[in-house]
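Position 1 is the first residue of the sequence, and the numbers go up from there. Keep in mind it's a predicted model, so treat the numbers as computed, not measured.
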Amino acid sequence: QVQLVESGGGLVQPGGSLRLSCIASGFPFSTYAMSWYRQAPGKERELVAIITKSGGTTNYADSVKGRFTISRDNAKNAVYLQMNSLKPEDTATYYCTRAYAPNFWGKGTLVTVSS
């Protein structure tokens with residue numbers, strides 16, 4: 001079955017960087033656009049970034065544009081999120097999922113930005 005395993009979260013100071021990874025299995029990874037979402041306590045889940053099947057096109061939420069970079073390695077069934085210049089408001093649990101078929105979710109990885 002579809003499986004999505006996120007990792008790389010942790011505690012980081014404002015202005016710091018973190019790289020999240022997601023390893024996918026159970027579906028033909030290279031045929032799906034992928035995305036990262038995040039959800040902070042008490043808030044709605046928010047779409048953060050999208051990357052197309054081949055990785056040639058990316059889109060970002062305005063709140064992270066210029067600071068976050070989504071990438072993928074189809075040979076590894078992996079999607080990544082490089083997060084730079086982190087702010088306290090980036091604190092959330094981050095999830096990867098299929099961009100246009102987001103019916104499967106992993107457990108997410110928690111990112112805490114605090115001084």
Side-chain angles (χ1 to χ4, degrees):
Q1 65 173 25
V2 172
Q3 195 167 89
L4 301 161
V5 181
E6 301 95 342
S7 63
L11 176 64
V12 64
Q13 294 188 32
S17 297
L18 215 54
R19 183 177 176 85
L20 307 184
S21 298
C22 172
I23 305 300
S25 61
F27 66 96
F29 181 79
S30 63
T31 69
Y32 285 84
M34 296 294 294
S35 61
W36 284 96
Y37 284 76
R38 67 186 182 186
Q39 187 166 29
K43 298 183 67 177
E44 291 284 311
R45 187 164 54 205
E46 174 189 21
L47 176 63
V48 174
I50 296 173
I51 187 166
T52 52
K53 299 171 184 178
S54 64
T57 301
T58 57
N59 287 289
Y60 301 91
D62 287 342
S63 58
V64 308
K65 197 170 298 181
R67 300 187 297 119
F68 290 12
T69 303
I70 187 171
S71 61
R72 68 191 296 162
D73 186 341
N74 286 345
K76 297 180 178 179
N77 281 13
V79 59
Y80 308 99
L81 187 67
Q82 178 66 46
M83 306 184 295
N84 298 326
S85 301
L86 283 162
K87 304 174 180 179
E89 49 263 49
D90 295 319
T91 295
T93 299
Y94 285 72
Y95 303 87
C96 69
T97 191
R98 302 187 300 196
Y100 304 111
N103 51 347
F104 294 95
W105 299 84
K107 297 177 181 178
T109 185
L110 177 63
V111 173
T112 302
V113 185
S114 180
S115 58

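Closest approach of Val113 to Thr91, counting heavy atoms only: N-OG1, 2.9 Å. For the pair Leu4 and Ala24, the tightest heavy-atom approach, listed with the atom from each and the gap, is CD2-CB, 3.7 Å. Taking each heavy atom of Gln82 and Ser17 in turn, the nearest pair found is NE2-CB, 4.0 Å. When all heavy atoms of Ala92 and Leu110 are compared, the pair lying nearest together is O-CD1, 3.6 Å. Residue Thr97 comes nearest to Pro102 through the heavy atom pair OG1-CA, 3.5 Å, listed as atom of the first residue, atom of the second, then distance.
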Acceptor/donor pairs from residues 43-54 side chains to any protein atom, 3.5 angstrom cut, sequence neighbours excluded:
residue	atom	partner	partner atom	Å
Glu46	OE1	Arg38	NE	2.8
Glu46	OE1	Arg38	NH2	3.3
Glu46	OE2	Ser63	OG	3.3
Thr52	OG1	Gly56	N	3.4
Thr52	OG1	Thr57	N	3.1
Thr52	OG1	Thr57	O	3.3

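Note on Tyr94: it clusters hydrophobically with Val64, by side-chain heavy-atom contacts below 4.5 Å among ILVMFWY residues. Leu20 and Phe29 fall within the same hydrophobic cluster, where Ile, Leu, Val, Met, Phe, Trp and Tyr residues are linked whenever their side-chain heavy atoms come under 4.5 Å apart, directly or through other members. The cluster map of Ile, Leu, Val, Met, Phe, Trp and Tyr, joined by side-chain heavy atoms under 4.5 Å apart, puts Val2 and Tyr95 in different clusters. Residues Met83 and Val12 are members of one and the same hydrophobic cluster, defined by side-chain heavy-atom contacts under 4.5 angstrom among Ile, Leu, Val, Met, Phe, Trp and Tyr.
In this structure Asn59 satisfies the side chain to side chain donor-acceptor pair (under 3.5 Å) test with no other residue, sequence neighbours excluded. Ser7 is linked by a side chain to side chain contact (heavy atoms under 4.5 Å, CB included) to Ser21, counting only residues two or more places apart in sequence or in another chain. With sequence neighbours excluded, no residue satisfies ring pair (Phe, Tyr, Trp, His ring centres under 6.0 Å) with Tyr80.
Among pairs with a residue in residues 10-36, none fulfils salt bridge (charged side-chain N to carboxylate O under 4.0 Å, His left out), at least two apart in sequence or across chains. For residues 101-115, every residue pair satisfying the side-chain hydrogen bond (donor to acceptor under 3.5 Å, both in side chains) rule, not counting sequence neighbours, is listed here: Arg98-Asn103. Pairs of residues two or more places apart, or lying in two chains, that qualify as salt bridge (charged side-chain N to carboxylate O under 4.0 Å, His left out) and include a residue from residues 55-70 are Asp62-Lys65, Arg67-Asp90. Residue pairs satisfying the ring-ring contact (aromatic ring centres under 6.0 Å, His included) criterion with at least one member in residues 51-76, sequence neighbours excluded, are absent. For residues 8-115, the set of pairs meeting the disulfide (SG to SG under 2.5 Å) definition, not counting sequence neighbours, comprises Cys22-Cys96. Screening residues 6-28 for ring-ring contact (aromatic ring centres under 6.0 Å, His included), with sequence neighbours left out, gives Phe27-Tyr32.
Side-chain contact between Trp36 and Glu6: present, with at least one pair of heavy atoms (C-beta onward) separated by less than 4.5 Å.
Within a 6.0 Å radius of CD in Gln3, no more than 12 heavy atoms belonging to other residues, nucleotides or ligands are found. Remark: Gln13 CD is loosely packed, at most 12 non-hydrogen atoms of other residues, nucleotides or ligands lying under 6.0 Å away.
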